[in-house]
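In what follows, a structure is listed as C-alpha cells, so that the remarks can point back to it.
By convention here, the first residue in the shown sequence is residue 1. Since the structure is predicted, the reported quantities are computational estimates derived from the model, not experimental observations.
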Amino acid sequence: MTSAERTRDAFLEVSRRLGAARTTTEAARVIVGVAQELLGWDCCSFDLYFPETDRVQAVLSMDSVDGPPADVPHAYTATSPGPVTARVVRDGGQLVPGPGRHGAGEGLVPFGSGRPSLSRMFVPVRHGERVTGVLSIQSYTADAYDEQDLAVLQELADHCGGAIERLRIEHALRESEAQLARTEAFALVMTAHLSLEGHWLKVPPRLCRLLGLEEHRLLGTSIDELLHPEDAVMGGWEHLVRGETRTVDLETRWRRPDGKPLWMYLNASLVQGTAGEPLYLLLYLRDITERKSLEDQLRQAQKMEAVGQLAGGIAHDFNNLLTAILGSTELLLADTPPGDPRREDVQEISRSAHRAAALVRQLLAYSRKQVLQPRRVDLNAIVRDMGAMLRRVVGEPIELRLDLDPGLGHVTADPGQLEQVIANLGVNARDAMPRGGTLTITTTNVTGRGVTAAADEALPAAGPLVSLAVTDTGIGMDDEVRGRLFEPFFTTKELGRGTGLGLATVYGIVRQSGGHIQVRSRPGEGSSFTVYLPRAEAPRPTRGALAAAAPVSGGSETVLVAEDEEAVRHLVCRVLRAKGYRVLEARHAEAALELAAKATEPIDLLVSDLVMPGLGGRALADRLLHARPGLRVLFITGYAAEAVERQGRLPAGHGLLEKPFTADQLAHKVRETLTAN
C-alpha cells in the first residue's frame with residue numbers, strides 16, 4: 001500500500017471513530033493513535049485553545065519513556081499559551097529542534113521522567129478560521145521529523161477540527177445546563193405575576209434589566225407585546241385559567257429595544273383564592289439565551305462537519321464525471337463548425353462544466369479538504385467573470401455597476417477564494433436592499449498611507465495596495481451591528497435566512513490572503529465594504545503558458561493507460577489516439593501489468609490514475625519502472641495535487657495532472673512529460 005493510500009485509509013478510519021467519540025479526551029486518543037500509525041512518537045499532548053480568553057487547557061498527555069505509551073500527569077491544566085504554543089496559534093505548525101542540539105527548549109516542560117525530547121512538532125487544530133486546539137507529537141531521537149511530516153500532521157489536525165469543535169460545544173452546553181441547575185438552587189429564578197388576561201401585575205427587577213425597560217412601562221401591558229409573534233402565549237392558557245391543567249411550560253423568544261436575542265424559559269401556574277376562584281397567574285422565568293446560542297452553534301458545527309465529510313467523499317467521483325464531460329465537449333466542439341446551430345449548446349455545456357469544477361474546488365477549500373492555490377491574478381478579470389452570475393443573484397430590482405480601474409495591479413491570492421468574497425459581499429448587499437437599489441463594485445490602486453480609517457478600525461499595511469469596494473444603497477447598519485459584523489454565527493436576518501457565516505468567511509479569506517477589510521455604514525445610508533490586498537508584480541509569461549497558446553503537438557510513442565473509471569479511460573485513449581500515439585488500454589493496475597508483460601515494443605509513457613481499487617497508481621509505476629527504467633509516468637487524480645505530493649514527492653520524470661482536465665490540457669501534459677529532462 002502506498003503512503004497516500006495508507007494516509008487516506010487512516011483518515012477514513014479516524015472520521016468513523018471520531019463520530020463515536022463523546023468527549024474531547026476520547027477524540028484526542030483517536031487522533032494521537034492515528035498520528036502514531038502515520039508518523040510515530042515517543043510522547044504526545046493535546047490541548048484545547050480558547051481564543052476568547054487566550055487560554056489553553058490540557059486534555060491528554062502520554063509518554064512511552066518507561067514502556068508502552070501511557071497517560072502522564074499534565075504539566076499544567078489551564079494556563080496562558082507558552083512561547084511555542086502562542087507561535088503555533090499565531091503562525092501555524094512548528095517543527096522545533098530539541099534542546100540537546102540547540103540549547104534551551106523555549107520554556108517547554110519535559111514529559112514523564114524529565115528526559116528532554118529531541119524532535120518536536122506542534123500544529124494548530126483548526127475549524128474554519130478558528131484555532132480550537134494544539135496537537136504535539138515528540139520523539140527522543142534527534143531529527144526524527146521533517147517538513148513533510150509536519151504537513152501530514154497538520155492535514156490530520158485540520159481533518160479532525162470539525163469534530164473537536166463539535167465536542168467542545170457539546171461540553172460547553174452540558175456545563176451551561178449544569179450551571180443553570182446550580183443557579184436555580186440559589187433562587188435566581190425570576191418570579192412575576194400576570195392578570196388572568198395576561199397583563200403584568202408584578203415584574204421582577206432582573207427581567208426589567210434583561211429587557212432594557214423600566215418597570216412602570218411594563219405594568220398593565222400584555223405579556224404578548226414583549227414576545228415574538230410566533231411565541232404569543234395568552235391564547236394557549238385557556239386550559240390553565242379554567243383549571244384543566246396545573247402548569248404550562250414554554251421556551252419563548254422576547255423582543256428587546258436593542259434587537260439582541262433573548263430566550264426565556266417560562267413556567268406558569270394559576271393562583272386561586274380560598275374559595276377556589278382564579279386570582280392571577282404566577283410565572284417562573286429563567287434566562288436560557290446562552291443555552292440556545294450554544295445549541296445553535298452546535299447545529300452549525302455539525303452541519304459544517306457533515307459538509308466537510310461529504311465534500312471529501314464525493315470530490316473524487318465528481319471530478320471523474322467532470323473530466324469526461326469537459327473532454328467530450330471539447331472534442332465535440334472541434335468537430336462542430338462555427339455555423340452549426342448546435343455549437344452554442346455545446347459551448348454552454350462546457351461553460352457549465354467549468355463552473356461546476358470551480359464549485360467543487362470552492363467546496364473543498366471551504367471544508368479544508370483541499371490545499372488552497374494562491375497565485376498572481378487579475379482582480380478585474382475575476383470581477384468581470386463574476387458579473388453575469390451576480391446580476392442573476394441580485395435580481396432585476398437592483399442595478400449592478402462595475403467601475404474597474406483599467407490600470408489595476410495584480411494580487412496574489414486563490415482565485416476561488418476571491419470569487420467567494422465577491423459572491424458573499426454581493427449577496428449581503430442584495431439582502432440589504434429588499435426594495436431595490438444600486439450595487440457598485442469598484443477597483444483601484446491605492447497606498448496604505450493614503451487610506452483613512454474610523455477610530456475603531458486598524459489601518460492596512462503601508463505599501464502598494466489594490467482595493468475592491470462593494471457598495472450598496474440599502475438600509476445600512478448602526479455601530480453595534482457593525483461591531484459584530486464578522487463574528488461567526490452572528491446574523492441580523494430572520495430565522496432560516498442566514499447562517500451568520502458569510503461575512504465571517506469573507507474576513508477569514510481576506511486575512512489569509514494578507515489583506516484587510518474596512519466597513520463604512522450608517523442606518524438608512526447604505527454600506528460599503530472595502531477589501532485591501534497587497535499589490536503584486538504583473539505575472540510573467542511562463543514556458544507552460546506559452547506552450548498552452550501554441551497548437552498541441554502529438555507523437556508516435558506508445559502510451560499505457562490505466563484508469564478504473566470507464567468514461568475517463570475512454571476519453572484519455574481517444575484523445576491520445578487522435579494525436580497519433582499508440583495506446584494500450586487497461587481498466588486497472590493488474591491489467592496494465594499483464595499488457596506490459598506481453599508487449600514486445602518499448603512503452604514510453606504510463607498514464608495512470610493515482611488512486612484505483614486494488615493496486616494503486618504509485619505501486620503500478622514502481623513495478624513497471626523496475627522492469628523498464630526509462631519509462632516516463634504521468635499520474636492523473638481527482639484529489640488536490642498538493643495533498644497528493646505531500647504524501648511523498650513524485651520522482652523526477654513523473655508528472656501530475658489534476659482532474660477535471662480538458663483534452664488540450666491532457667495532450668499538453670503528455671507531451672511535456674515525454675520531453676522533460
Side-chain angles (χ1 to χ4, degrees), residues 11 14-15 17-19 21-35 44-61 74 76-82 84-94 121-137 150 153-176 290 293-309 311-312 365-369 486-490 499-501 504-505 507-509 511-512:
F11 279 17
V14 77
S15 296
R17 294 172 61 191
L18 284 177
R22 291 294 173 265
T23 66
T24 51
T25 302
E26 291 178 11
R29 292 192 190 281
V30 172
I31 296 169
V32 300
V34 173
C44 66
S45 66
F46 191 101
D47 298 339
L48 291 180
Y49 175 68
F50 300 89
E52 298 83 0
T53 57
D54 193 29
R55 305 275 289 179
V56 291
Q57 177 182 319
V59 173
L60 181 67
S61 301
H74 303 307
Y76 51 84
T77 52
T79 185
S80 299
V84 174
T85 302
R87 193 161 69 245
V88 171
V89 170
R90 184 184 68 244
D91 301 330
Q94 304 289 323
M121 291 196 294
F122 296 79
V123 294
V125 181
R126 299 176 293 210
H127 177 62
E129 296 305 318
R130 176 189 175 93
V131 176
T132 193
V134 176
L135 169 64
S136 169
I137 65 172
L150 183 66
L153 189 64
Q154 182 65 75
E155 188 174 1
L156 172 63
D158 286 347
H159 185 80
C160 303
I164 293 298
E165 179 69 357
R166 169 178 60 81
L167 292 169
R168 186 193 67 80
I169 294 173
E170 288 177 346
H171 175 73
L173 185 58
R174 288 193 296 269
E175 286 293 313
S176 174
E290 182 181 1
S293 176
L294 287 169
E295 288 175 349
D296 290 341
Q297 291 184 44
L298 176 59
R299 282 191 291 269
Q300 291 292 349
Q302 289 171 333
K303 288 179 183 178
M304 293 174 68
E305 184 180 3
V307 167
Q309 296 297 334
Y366 182 73
S367 62
R368 306 193 74 89
K369 301 297 182 184
F486 300 116
E487 292 181 12
F489 308 112
F490 173 73
T499 63
L501 292 173
T505 300
Y507 180 83
I509 290 174
R511 298 300 291 170
Q512 266 191 336

Taking atom [atom1] of [X] and atom [atom2] of [Y], what is their separation to the nearest 0.5 Å?
X      : Y      : atom1 : atom2 : answer
Met121 : Leu153 : CE    : CG    : 5.0 Å
Thr85  : Asp47  : OG1   : CG    : 6.5 Å
Phe11  : Asp158 : CZ    : CG    : 9.0 Å
Leu48  : Arg168 : CG    : CZ    : 8.0 Å
Ile137 : Ser45  : CD1   : OG    : 10.0 Å
Ser80  : Arg55  : OG    : CZ    : 4.5 Å

pair [X]-[Y]: side-chain heavy atoms closer than 4.5 Å:
X      : Y      : result
Val125 : Ile31  : no
Leu18  : Cys160 : yes
Val131 : Pro51  : no
Leu150 : Val123 : yes

Over all atoms of both residues, closest heavy-atom pair of [X] and [Y]:
X      : Y      : result
Pro124 : Gly92  : CD-C, 3.8 Å
Ala172 : Leu294 : O-CD1, 3.6 Å
Gly19  : Arg166 : CA-NH2, 4.3 Å
Leu167 : Ala27  : CD1-CB, 3.5 Å

> Is a donor on one side and an acceptor on the other found under 3.5 Å between the side chain of Glu129 and the backbone of His127?
Replying inline: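 No: the side chain of Glu129 does not pair with the backbone of His127.
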> In terms of heavy-atom contacts, does NE2 of His74 have more than 12 from other residues, nucleotides or ligands at under 6.0 Å?
Replying inline: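 It does: His74 NE2 has more than 12 such atoms within range.
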>> Before you tell me yes or no, could you show the steps for Arg87 and Phe122 under side chain to side chain contact (heavy atoms under 4.5 Å, CB included), namely the whole-Å CA-CA distance, both residues' side-chain angles and the distance that decides it to 0.1 Å?
In response: CA-CA 10 Å; Arg87 193 161 69 245; Phe122 296 79; over 6 Å; no
> Considering residues at least two apart in sequence or located in another chain, which fulfil the side chain to side chain contact (heavy atoms under 4.5 Å, CB included) criterion with Thr25?
Replying inline: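 Thr23, Arg29, Val59.
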> Going through the distances and angles, do Thr24 and His171 end up as a side chain to side chain contact (heavy atoms under 4.5 Å, CB included)?
Replying inline: CA-CA 8 Å; Thr24 51; His171 175 73; 5.7 Å; no
>> Evaluate Glu26 against Arg17 for side chain to side chain contact (heavy atoms under 4.5 Å, CB included), listing each step before the verdict.
In response: CA-CA 9 Å; Glu26 291 178 11; Arg17 294 172 61 191; over 6 Å; no
>> Can you list everything that forms a ring pair (Phe, Tyr, Trp, His ring centres under 6.0 Å) with Tyr49? Sequence neighbours excluded, please.
In response: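 With sequence neighbours excluded, Tyr49 shows a ring pair (Phe, Tyr, Trp, His ring centres under 6.0 Å) to no residue whatsoever.
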>> Holding to salt bridge (Lys or Arg N to Asp or Glu O under 4.0 Å), I want the full list of residues that pass it with Arg130, two or more places apart in sequence or in another chain.
In response: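 Partners of Arg130 by the salt bridge (Lys or Arg N to Asp or Glu O under 4.0 Å) criterion, ordered by chain and then number, come out as Glu52, Glu165.
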